[in-house]
Amino acid sequence: MMAVPFSHTLVERLAQARRVAVLTGAGISAESGIPTFRDPGGLWQKFRPEELANVSAFLRNPELVQGWYRHRRLVALEKAPNAGHDALVALEKLVLDFTLVTQNVDDLHNRAGSKNVLELHGNITHNYCINCERAATDEALVPLAEGTAMRCHDCGGLLRPDVVWFGEMLPEGAMEKAERAAQRADVFLSIGTSAVVYPAAGLPLTAKKWGAYVAEINVEASAIASYVDEVILGKAGAVLPKLVEAVERVRV
Ligand code: BV8
């Protein structure tokens with residue numbers, strides 16, 4: 001029998017839990033072929049976040065920032081959810097009150113079929129005009145010529161991705177719902193995040209403070225590893241299906 005990298009305590013806690021909250025980061029999409037931000041070869045290795053994921057960088061060089069997000073959106077659209085995303089869909093069906101909070105903008109949790117998803121940092125498949133705020137049409141999302149800025153077909157304003165940049169507020173109400181889910185959770189799973197971006201990274205700590213059993217699933221210890229109850233070292237796509245299977249066996 002293959003040894004599993006998680007404790008029987010976690011399996012029991014999940015089997016008995018009425019409320020489960022999960023925070024995911026780029027690590028859960030890595031096995032779908034979507035590069036993370038801070039891993040070697042990740043997105044930030046080529047560019048610094050300051051250069052791309054903020055309003056002033058966008059206004060200073062809209063073609064560069066639009067081009068980066070257009071590339072990432074096309075990559076996200078051609079990739080598929082992996083076994084880690086699918087395992088969270090299965091877990092949601094086992095739990096009375098399940099909240100999936102994601103920092104990811106790749107839309108993969110929605111495409112996998114997760115129902116109660118809070119996209120704290122937005123969704124890269126949605127784009128809008130910074131002037132009239134209308135949603136961008138698909139044809140407007142194809143630059144007229146390589147390197148030209150993409151503009152709204154209605155008013156000519158610059159188009160931007162519907163994601164949260166550094167220094168921007170999170171979507172109205174999303175963080176409040178995520179905080180409440182963390183406070184009420186019996187079990188909180190932090191999956192595939194370096195836990196360096198706030199306020200999202202504070203959620204596992206809130207859950208811990210309010211009495212949840214907190215476990216982290218990552219290929220290396222994150223910034224919050226010393227605060228959680230259990231650190232499970234492994235790939236999300238390998239660990240999560242085994243964890244959910246073990247919970248289903250206990251619950252039967
Ligand atoms: C805010 C854009 C209130 C979307 C991102 C000064 C002014 C204003 C705010 C601040 C400030 N100083 C600090 C802040 C707060 C700031 C912040 O936290 N900065 C950090 C860097 C210190 N936060 C904000 O600005 C937030 N807004 O606070 O508003 C406000 C407003 C005005 C004034 C004051 C306050 C907005 C935060 C959102 C920023 N947007 N991206 C996009 O382009 O995607 S952040 C970026 O990092 C992504 O969104 C991503 O979601 C996020 C977190 O990264 P991770 O998902 O964790 O990915 P990472 O690569 O880091 O890690 C991957 C992990 O997976 C690794 O641990 C790896 O080991 C693991 N892994 C890899 N493979 C696997 C795996 N695990 C499991 N299985 C595998 N197979």
Side-chain angles (χ1 to χ4, degrees), residues 5-6 22-58 64-73 75-76 79 81-85 87-88 100-109 117-127 160-172 174-176 178-179 189-205 215-225 228 231-243:
F6 44 78
V22 175
L23 173 69
T24 60
I28 197 166
S29 295
E31 290 153 271
S32 293
I34 296 185
T36 61
F37 293 90
R38 296 170 183 85
D39 285 329
L43 291 165
W44 293 150
Q45 303 297 299
K46 303 178 190 65
F47 297 100
R48 286 178 306 111
E50 303 71 42
E51 284 173 296
L52 287 168
N54 66 60
V55 179
S56 45
F58 171 69
L64 172 69
V65 176
Q66 286 181 340
W68 189 57
Y69 279 97
R70 177 163 184 266
H71 166 72
R72 286 178 56 196
R73 179 167 56 83
V75 167
K79 302 299 182 189
N82 65 59
H85 298 99
L88 292 181
L100 174 50
V101 185
T102 189
Q103 300 169 92
N104 299 341
V105 296
D106 57 31
D107 203 38
L108 290 187
H109 284 303
V117 182
L118 294 174
E119 292 179 314
L120 288 190
H121 294 169
N123 186 315
I124 202 167
T125 62
H126 306 149
N127 293 266
R160 65 162 283 178
D162 191 7
V163 300
V164 180
W165 280 330
F166 286 104
E168 289 190 316
M169 301 303 280
L170 275 57
E172 182 69 29
M175 195 56 204
E176 291 71 17
E179 278 285 346
L189 301 178
S190 181
I191 304 169
T193 182
S194 56
V196 296
V197 174
Y198 282 82
L203 291 168
L205 310 180
E216 162 170 273
I217 299 171
N218 198 315
V219 293
E220 62 182 15
S222 78
I224 57 162
V228 302
V231 176
I232 301 161
L233 291 179
K235 292 187 170 188
V239 170
L240 283 169
K242 287 198 186 84
L243 179 61

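In listed order, ligands and their atoms are each counted from 1.
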Roughly how far apart are [X] [atom1] and [Y] [atom2], rounded to 0.5 Å?
X: Glu176; Y: Leu170; atom1: CD; atom2: CG; answer: 9.0 Å
X: Thr24; Y: Leu108; atom1: OG1; atom2: CG; answer: 10.0 Å
X: Glu220; Y: Ser194; atom1: CD; atom2: OG; answer: 8.5 Å
X: Ile191; Y: Leu88; atom1: CD1; atom2: CG; answer: 4.5 Å
X: Glu119; Y: Asp106; atom1: CD; atom2: CG; answer: 8.5 Å
X: Leu23; Y: Leu203; atom1: CG; atom2: CG; answer: 6.0 Å

Using a heavy-atom cut-off of under 4.0 Å, does the side chain or the backbone of [X] touch ligand 1, or both, or neither?
X: Ala236; value: both
X: Arg72; value: side chain
X: Val105; value: side chain
X: Ile124; value: neither

Backbone or side chain, does any N or O of [X] fall under 3.5 Å from an N or O of ligand 1?
X: Ala26; result: yes
X: Trp165; result: no
X: Gly192; result: yes
X: Lys235; result: no
X: Ile217; result: no
X: His121; result: yes
X: Phe37; result: yes

Review point. Which of these, Tyr69, Phe166, Tyr198, Trp68, has its nearest heavy atom closest to atom 18 (O) of ligand 1?
Key: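 Selected option, by shortest heavy-atom distance: Tyr198.
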Suppose I only count heavy atoms of [X] and a 4.0 Å limit; which atoms of ligand 1 are within that range?
X: Ala30; value: 73 (N)
X: Glu220; value: 69 (O)
X: Glu168; value: 1 (C), 26 (C), 27 (N), 29 (O), 36 (C)
X: Gly25; value: 56 (O)

Q.
Just to verify, what does Ser222 make a side chain to side chain donor-acceptor pair (under 3.5 Å) with, not counting sequence neighbours?
A.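 Expected list: Glu216.
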**Prompt:** After noting the C-alpha distance and the side-chain angles of Ser29 and Lys79, does the key distance pass the side chain to side chain contact (heavy atoms under 4.5 Å, CB included) rule?
**Reply:** CA-CA 9 Å; Ser29 295; Lys79 302 299 182 189; over 6 Å; no
Exercise. Taking ring pair (Phe, Tyr, Trp, His ring centres under 6.0 Å) as the test, write out the residues that go with Phe58, two or more places apart.
Key: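 Phe58 satisfies ring pair (Phe, Tyr, Trp, His ring centres under 6.0 Å) with Trp165 only.
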For ligand 1, is Gly167 a contact, meaning one of its heavy atoms is under 4.0 Å away?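 Heavy atoms of Gly167 do come under 4.0 Å of ligand 1.
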Exercise for review: Please report the closest heavy-atom contact between Ala200 and Leu120, naming both atoms and the distance.
Suggested key: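 In this case the closest contact between Ala200 and Leu120 is CB-CD1, 3.8 Å.
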* Using only heavy-atom distances, determine whether the side chains of Asp162 and Asn123 contain a donor-acceptor pair under 3.5 Å. =>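 Asp162 vs Asn123: no donor-acceptor pair found between side chains.
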